[in-house]
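Sharing a structure below in structure tokens format, with a few things to ask.
The figures here come from the full heavy-atom set of this structure, side chains too, leaving out hydrogens, waters and symmetry mates.
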Amino acid sequence: MTSVPRPPHIDGDSGGYLLDNARAEAGERFVWLAELFDRVTRGHFDRLGIGAGSRCWEVGAGGRSIPDVLAATVGPTGYVLATDIDPSWLEAGDGYDVRRHDVAADPPPEPGTFDLVHARLVLVHVPDRVRALATMVAALRPGGWLLIEDADTALQPLACLDDSGPAQRRANRMRDAVRELLTGRGAELRYGRTLPRALREAGLVDVAAAGSFPVGGLACDRLEASTIRHVRGELLAAGLADDAEIDAHLAAIDAGELDLTLAPLISAWGRRPTEHPPALG
């Protein structure tokens, strides 16, 4: 793993999104999320025909991994826009443009022009998901694809599937505590399963979906540790854990005692209808 750069500013809690970009731990989370899911996401880009010359909007980009992938994919004849409500971890000039943008509040950038609009682990945290989806659909050209990838933590609620001992049961309690914090910030923990229906209701066609479910390994361990460090203060303030419990959980992760897993990532895609569908022949 390469060292994680710090964004230009590190502030305190934003009071909104629990896993905000303003803390150093966010950069660690981006690295391990990329390790776990970028291959999955790239496979969907290939399936949807994204290539040289495509125009792409990456919504809620967070880190640089997917904007970098898209920039390499579309090449100099294409265009990539990476947006985030806090774009501190993004760098314009790496083959893509960067813009501060709130997908649930701001109008779509360059409406009707994108071949692909993609968001991963974004909408589950956005209270006004219907408006956010409408904004992304409005940015698509006719025939363009929307790809949404979001977790469904209620489908698989455990941190350790094999809760065989006290360390594993503690890990599962900690995962429940983090979910309680997320729910308190407006996250919808059953959102992933609704994606195909949500895309159809947004007017898209050719809707399909797939799931990814990583179990065990270094990336799951490191993502868990960085997440717990990120929200440690909130866990303590809410009385959901104490210092001894958090320290013991982090020590068990570092010792390799846990086979940690994640909630399933549901990837769903749909196409904006063409204005003049071809005649059947």
Note to self: A side-chain contact here means heavy atoms from C-beta on lying under 4.5 Å apart; do Leu240 and Val178 qualify?
What the structure shows: no
Notebook entry, point to check: Which atom pair, heavy atoms only, marks the closest approach of Val80 to Gly95?
Noted result: CB-O, 4.3 Å
Check: Arg131 side chain to Ala105 main-chain N or O, any donor-acceptor pair under 3.5 Å?
Finding: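 A pair under 3.5 Å: yes.
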Notebook entry, point to check: Just by distance, with hydrogens left out, do Glu188 and His125 show a side-chain donor and acceptor under 3.5 Å apart?
Noted result: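 Absent: no donor and acceptor within the cut-off.
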Notebook entry, point to check: Which value, rounded to the nearest 0.5 Å, describes the distance between Ser212 atom OG and Leu265 atom CG?
Noted result: 6.0 Å
Note to self: Keeping Gln156 on the side-chain end and Leu158 on the backbone end, is there a donor-acceptor pair under 3.5 Å?
What the structure shows: yes
Item checked: Audit row: Glu28, His230, side-chain hydrogen bond (donor to acceptor under 3.5 Å, both in side chains) steps and yes/no -> CA-CA 10 Å; Glu28 298 173 27; His230 195 138; over 6 Å; no
Notebook entry, point to check: Given side chains that start at C-beta, do those of Met136 and Pro108 come closer than 4.5 Å, heavy atoms only?
Noted result: no
Notebook entry, point to check: Under 6.0 Å from the six-membered ring centre of Tyr191 and within 45° of its axis: does the NZ or CZ of Arg129 meet both?
Noted result: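 Satisfied, under 6.0 Å and within 45°.
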Note to self: Looking at every non-hydrogen atom in both residues, tell me the closest pair between Ser164 and Arg169 and how far apart they are.
What the structure shows: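 Smallest interatomic distance, heavy atoms only, reads C-NH1, 3.9 Å.
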Note to self: Parallel, tilted or perpendicular: which one describes the rings of His44 and Trp269, with boundaries at 30° and 60°?
What the structure shows: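 His44 vs Trp269 ring planes: tilted.
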Note to self: Can you tell me which residue among Arg232, Arg229, Arg170 is in a salt bridge (charged side-chain N to carboxylate O under 4.0 Å, His left out) with Asp247?
What the structure shows: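 That would be Arg232; it is the only one of Arg232, Arg229, Arg170 passing the salt bridge (charged side-chain N to carboxylate O under 4.0 Å, His left out) with Asp247.
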Checklist line | Atom pair CG/CD of Leu147 and Glu149 - distance to nearest 0.5 Å | finding: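 Interatomic distance, Leu147 CG to Glu149 CD, rounded to 0.5 Å: 4.5 Å.
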Checklist line | Under 3.5 Å donor-acceptor, Asn172 side chain and Ala159 backbone | finding: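 Side chain of Asn172 to backbone of Ala159, a donor-acceptor pair under 3.5 Å: yes, one is there.
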Check: From Leu140 CG over to Trp145 CH2, what is the distance, rounded to the nearest 0.5 angstrom?
Finding: 10.5 Å
Next item on the list: Would you mind telling me which of Arg200, Arg271, Arg47 makes a salt bridge (charged side-chain N to carboxylate O under 4.0 Å, His left out) with Asp206?
Entry: Arg271
Note to self: Is it true that Thr113 and Arg55 share a donor-acceptor pair across their side chains at a distance under 3.5 Å?
What the structure shows: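 The criterion, which ignores hydrogens and geometry beyond distance, is satisfied for Thr113 and Arg55.
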Note to self: Distance check, rounded to the nearest 0.5 Å: Phe213 atom CZ versus Leu155 atom CG?
What the structure shows: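 If we round to the nearest 0.5 Å, Phe213:CZ and Leu155:CG are 9.5 Å apart.
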Check: For the side-chain hydrogen bond (donor to acceptor under 3.5 Å, both in side chains) test, which of Arg175, Arg173, Glu224 pairs with His249?
Finding: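 Testing His249 for a side-chain hydrogen bond (donor to acceptor under 3.5 Å, both in side chains) against Arg175, Arg173, Glu224 leaves exactly one candidate, Glu224.
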Check: Please walk me through it: do Glu110 and Tyr79 pass side chain to side chain contact (heavy atoms under 4.5 Å, CB included)?
Finding: CA-CA 12 Å; Glu110 306 174 36; Tyr79 173 71; 3.4 Å; yes
Item checked: Check: Glu91 side chain, Val98 main-chain N or O, donor-acceptor pair, under 3.5 Å ->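 Looks like no, no N/O pair under 3.5 Å.
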Notebook entry, point to check: From Ile66 CD1 over to Glu58 CD, what is the distance, rounded to the nearest 0.5 angstrom?
Noted result: 6.0 Å
Check: Where do Leu189 and Thr183 come nearest, in terms of heavy atoms and distance?
Finding: CD1-OG1, 3.4 Å
Margin query: Checking the side chain of Asp84 only, and the main-chain atoms of Gly62 only, is there a donor and an acceptor separated by less than 3.5 Å?
Written below: yes
Note to self: Looking at Val74, is its backbone amide N or carbonyl O close enough to the side chain of Ser54 to form a donor-acceptor pair, meaning the two atoms are under 3.5 Å apart?
What the structure shows: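 No, the answer is negative, given that no donor and acceptor are paired below the 3.5 Å cut-off.
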Note to self: Would you say that Arg42 contacts Asp38 through its side chain, given a criterion of any heavy-atom pair below 4.5 Å between the two side chains?
What the structure shows: yes
Margin query: Strictly distance-based, threshold 3.5 Å: is any side-chain N or O of Asp150 a donor or acceptor partner for the main-chain N or O of Leu123?
Written below: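 Indeed, once roles are kept as given, a pair shorter than 3.5 Å links the two residues.
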Note to self: Using side-chain heavy atoms (C-beta onward) and a distance below 4.5 Å, is Arg99 in contact with Leu81?
What the structure shows: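 Heavy-atom side-chain distance check passes, below 4.5 Å.
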Notebook entry, point to check: What distance separates Thr83 OG1 from Leu90 CG, expressed to the nearest 0.5 Å?
Noted result: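 Reported to 0.5 Å precision, the distance equals 8.5 Å.
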Margin query: Does the plane of the ring in Trp89 sit parallel, tilted or perpendicular to the ring in Phe30? Use 30° and 60° as the thresholds.
Written below: perpendicular
Note to self: Using the rule given for side chain to side chain contact (heavy atoms under 4.5 Å, CB included), can you reason through Val103 versus His101, listing the C-alpha separation, both sets of side-chain angles and the distance that settles it, and then say yes or no?
What the structure shows: CA-CA 6 Å; Val103 71; His101 184 270; 4.3 Å; yes
